[in-house]
Amino acid sequence: DTEVTQTPKHLVMGMTNKKSLKCEQHMGHRAMYWYKQKAKKPPELMFVYSYEKLSINESVPSRFSPECPNSSLLNLHLHALQPEDSALYLCASSRTATGGWDEQYFGPGTRLTVT
Amino acid sequence: ELKVEQNPLFLSMQEGKNYTIYCNYSTTSDRLYWYRQDPGKSLESLFVLLSNGAVKQEGRLMASLDTKARLSTLHITAAVHDLSATYFCAVAETSGSRLTFGEGTQLTVNP
């Protein structure tokens with residue numbers, strides 16, 4: 001099973017809402033990633049978790065709060081977002097977090113619209 | 001800081017023609033990935049290139065890696081409409097935990 005799943009597929013939220021994105025993998029991978037992708041641009045790394053610990057935060061605003069409850073699950077909690085945060089949010093996982101040396105497997109993404 | 005440049009950024013080609021997309025990167029790396037992305041969809045892994053001289057082929061696509069020149073190519077042979085998509089190369093840093101993506105090549109294959 002080389003699948004990374006993400007829910008929901010689509011999310012529309014107001015600027016005062018709190019919502020969460022969920023990502024799950026059952027490949028035994030110990031690294032998980034959140035990326036943000038704007039239209040017609042490459043994915044931008046947001047966070048990296050390695051062995052359930054946050055190892056990289058790419059200076060992401062605090063309105064985005066990641067959480068890794070266990071090795072299979074990654075959440076992204078959203079609060080007080082801005083319209084410019086509207087994007088495709090991609091989750092990925094890899095065997096370890098040794099950069100790109102282990103292939104990253106991407107989930108289908110969550111299309112987020114902030115109104 | 002690792003920089004990755006793809007060209008062209010936009011490519012419109014006719015069915016049946018051949019073309020090459022180039023991916024240059026700025027620092028040493030021995031691992032490079034090619035992805036395909038359809039509009040509104042996630043990234044689909046096409047090729048993983050692990051060492052200098054690596055060449056991989058799948059259908060009408062062939063990718064190669066020259067680590068000395070810091071260059072990878074994605075060659076399209078006899079293009080068909082179904083290949084229309086955006087293609088990204090991504091390079092692994094030799095240290096750290098990052099993939100650095102190129103800007104992407106938006107490919108349109110016209111009948």
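In what follows, every chain begins at residue 1, and chains take the letters A, B, ... in the order their sequences are listed. Since the structure is predicted, the reported quantities are computational estimates derived from the model, not experimental observations.
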Note to self: Heavy-atom cut-off 4.5 Å, strictly under: side chain, backbone, both or neither for A:Gln37 against chain B?
What the structure shows: side chain
Note to self: Between A:Tyr35 and A:Gln104, is the side-chain hydrogen bond (donor to acceptor under 3.5 Å, both in side chains) condition met? List the steps.
What the structure shows: CA-CA 12 Å; A:Tyr35 290 86; A:Gln104 293 182 25; 2.7 Å; yes
Next item on the list: Walk me through it: do A:Gln6 and A:Glu24 pass the test side-chain hydrogen bond (donor to acceptor under 3.5 Å, both in side chains)?
Entry: CA-CA 7 Å; A:Gln6 288 186 244; A:Glu24 202 159 4; over 6 Å; no
Checklist line | Heavy-atom check, side chain of A:Met15 versus side chain of A:Val114, under 4.5 Å | finding: yes
Checklist line | Minimum side-chain heavy-atom gap A:Met46-A:Glu58 below 4.5 Å | finding: no
Item checked: Ion pair A:Arg30/A:Glu52, N-O distance below 4.0 Å -> yes
Next item on the list: Answer yes or no: is there a donor N or O on one side and an acceptor on the other, between the side chain of A:Thr110 and the main chain of A:Leu112, under 3.5 Å?
Entry: no
Item checked: salt_bridge(A:Glu103, A:Arg95) N-O dist < 4.0 Å -> no
Note to self: Report, in residue-number order, which members of residues 103-110 of chain B are under 4.5 Å from chain A by heavy-atom distance.
What the structure shows: B:Glu103, B:Gln106
Item checked: Verdict with supporting geometry, A:Tyr49 and A:Tyr33, ring pair (Phe, Tyr, Trp, His ring centres under 6.0 Å) -> CA-CA 6 Å; A:Tyr49 271 84; A:Tyr33 309 77; over 10 Å; no
Margin query: Non-hydrogen contacts under 4.5 angstrom with chain A: give the residues of residues 67-83 of chain B involved, or none if there are none.
Written below: none
Item checked: Part of residues 68-90 of chain A lying next to chain B, heavy-atom separation under 4.5 Å -> A:Leu88, A:Leu90
Item checked: Neighbourhood of chain A inside residues 44-62 of chain B, taking heavy atoms under 4.5 Å as contact -> B:Ser45, B:Val48
Item checked: Among B:Gly102, B:Ser42, B:Pro39, residue most engaged with chain A (heavy-atom pairs, under 4.5 Å) -> B:Ser42
Note to self: Could you tell me if the side chain of A:Trp34 sits less than 4.5 Å from the side chain of A:Val60, heavy atoms only?
What the structure shows: no
